[in-house]
Amino acid sequence: MKYLARKASLVILMLALSMSLSAKSKKTITKKVKKNAKGAAEKVVAAPVYPKAIVTLSPSAAEILYAIGAQDQIVAVSEFTDYPPEAAEKPVVGGFDGKTLSIETIISFEPDFVYLTEGMHNFLIESLDSYGIKWYLSNPTSVTQIETEILDIGEITGHQDEAAIVVAQMAEKLSTAYVPVPEKTEDDEVETLDSTLKVYYEVWNAPFMSAGASSFINDIIVHAGGKNIFDDLTDAYPMVSEESIIARAPDVILITKSTGITADDVKARVGWSSIPAVENNRIFIIDDNLYSRPAPRVADVILELAELLNQ
């Protein structure tokens, strides 16, 4: 139980991301002036300077770097970094928050670039600036922003072509996942019922926490062809009441594996027996290590969820 509680706090920290996507430390271009053979001045552009020692502070950051072929530039990763499997062999710099992560430990790896996450690592920025270490602050809130981040990191690390390939592969997968039904217009003579399945994504249950409109989980559900029952809430990962979950009658319930909750546990909850997802046995246990990481495998998550919704 202690492990689950600790795991829950880390999951919540990972998901409690703020609403901006910012970046710093694009490749450095040095310009100089010299005389050509005829004595005229001309500008010389030096080769781009790419980071050689990267510290990643989230599992998703490491996953992106491995996906684009920048793994040899990584000198340390964060706790729970486990994909691809060889990433777990890298030295560990610490956890996600200030309690287990310090600027002193980061500096000990002599990095020239640190891959941060908004909402968890902002406290490091001032220190990194003082040491002259470049950084990137990640917080994608949609699939499109995940793709943009991959391209950004490709440019920063000198793997532009590989990053473009990764994004193209994601787009190819997503093209097969779900084709939205055109909205009904006033000219339509036949009125049709909305058959979109309502989805409840349970981040945690004590208190109940779900995914709001500004989370990339919401975007995953939409791409898979579902409708998030809490897409009217602006917070990325809001706390919600049990009564509101029951009242919104989800057709599908997604329970994260790290909670230790089973489908039978959900069925046994007081008042939940009338929920369509419970009545129709559409409660699915999902791998939150996969679903909660904004990285290239998000395309595979959408395909998996689309299949679950079509069962």
Side-chain angles (χ1 to χ4, degrees), residues 1-19 80 96-97 119-120 141 178 193-294 298 301-311:
M1 290 303 294
K2 288 183 179 179
Y3 170 78
L4 291 178
R6 181 164 175 263
K7 179 72 171 178
S9 65
L10 291 171
V11 169
I12 292 171
L13 278 170
M14 285 190 70
L15 294 173
L17 304 176
S18 54
M19 294 301 303
F80 297 117
F96 297 118
D97 57 18
M120 289 182 284
T141 59
Y178 172 61
L193 295 176
D194 184 4
S195 59
T196 303
L197 293 175
K198 295 184 294 182
V199 179
Y200 166 56
Y201 184 98
E202 186 167 292
V203 176
W204 198 245
N205 65 321
F208 286 103
M209 179 178 286
S210 189
S214 59
S215 68
F216 75 90
I217 296 295
N218 179 77
D219 205 42
I220 286 174
I221 293 171
V222 172
H223 272 78
K227 176 179 172 56
N228 176 17
I229 65 170
F230 288 113
D231 63 2
D232 59 326
L233 302 184
T234 56
D235 288 347
Y237 298 96
M239 287 186 289
V240 297
S241 69
E242 190 170 20
E243 292 76 14
S244 66
I245 299 169
I246 296 171
R248 297 188 184 213
D251 300 299
V252 172
I253 294 175
L254 303 177
I255 301 293
T256 54
K257 184 170 63 175
S258 66
T259 64
I261 300 295
T262 67
D264 288 338
D265 292 330
V266 175
K267 293 176 183 178
R269 290 174 178 172
V270 178
W272 287 54
S273 60
S274 62
I275 295 177
V278 176
E279 289 183 323
N280 298 317
N281 199 33
R282 305 195 73 181
I283 304 167
F284 302 107
I285 309 301
I286 58 170
D287 183 356
D288 42 323
N289 279 340
L290 180 58
Y291 274 67
S292 66
R293 294 179 183 178
V298 69
V301 167
I302 290 170
L303 291 177
E304 176 182 292
L305 182 54
E307 290 183 6
L308 292 180
L309 296 184
N310 286 318
Q311 286 185 10

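Atoms considered below: every heavy atom in the structure, side chains included; atoms not considered: hydrogens, waters and symmetry mates. All residue numbers in this chain count up from 1 along the given sequence.
Atoms CD and CZ, on Glu307 and Phe284 in that order, are 11.0 Å from each other to the nearest 0.5 Å. Distance check: Tyr200 OH to Phe208 CZ gives 5.5 Å after rounding to the nearest 0.5 Å. Going from atom CG of Asn289 over to atom OG of Ser258 covers 7.5 Å, rounded to the nearest 0.5 Å. Between atom CG of residue Leu309 and atom CD of residue Glu304 there is a gap of 10.5 Å, rounded to the nearest 0.5 Å. The line from CD1 of Ile253 to CD1 of Ile285 is 9.5 Å long, rounded to the nearest 0.5 Å. To the nearest 0.5 angstrom, Ile245 atom CD1 is 6.5 Å from Ile229 atom CD1.
Of all non-hydrogen atoms in Met209 and Tyr237, the two that sit nearest each other are CG-O, 3.8 Å. Between Arg269 and Glu242, the closest heavy-atom pair is CB-OE2, 4.3 Å. Nearest heavy-atom pair, Lys267 versus Val278, reported as atom, atom and distance to 0.1 Å: CG-CG1, 4.0 Å. Nearest approach of Ile217 to Tyr291, heavy atoms of both residues: CD1-O, 3.2 Å. In plain terms, the two heavy atoms of Gly212 and Pro238 that are nearest each other are N-CD, 3.5 Å. Among all heavy-atom pairs drawn from Leu305 and Ile221, the shortest one is CD2-CA, 3.9 Å.
Under the rule for a salt bridge (Lys or Arg N to Asp or Glu O under 4.0 Å), Asp235 has no partner lying at least two apart in sequence or in another chain. For Asn280, there are no side-chain hydrogen bond (donor to acceptor under 3.5 Å, both in side chains) partners, not counting sequence neighbours.
At a threshold of 4.5 Å between non-hydrogen side-chain atoms, the residues Pro250 and Ile275 count as touching. The shortest distance between side-chain heavy atoms of Asp232 and Arg248 falls below 4.5 Å.
Looking only at distances, a side-chain donor or acceptor of Arg282 sits under 3.5 Å from a matching main-chain atom of Leu308. The main-chain N or O of Thr256 is never found under 3.5 Å from a side-chain atom of Asp288 such that the two would form a donor-acceptor pair. No donor-acceptor pair under 3.5 Å is formed between the side chain of Asp231 and the backbone N or O of Ala213. Using a distance-only test at 3.5 Å, with no hydrogens or angles considered, no donor-acceptor pair links the side chain of Asp219 to the main chain of Phe216. Formation of a donor-acceptor pair under 3.5 Å by the Ser210 side chain with backbone atoms of Tyr201 is found in this model.
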Exercise. Carefully, step by step, assess Trp204 and Met239 under the rule side chain to side chain contact (heavy atoms under 4.5 Å, CB included).
Key: CA-CA 9 Å; Trp204 198 245; Met239 287 186 289; over 6 Å; no
Exercise. Show your reasoning for whether side chain to side chain donor-acceptor pair (under 3.5 Å) applies to Asn228 and Asn218.
Key: CA-CA 6 Å; Asn228 176 17; Asn218 179 77; 3.0 Å; yes
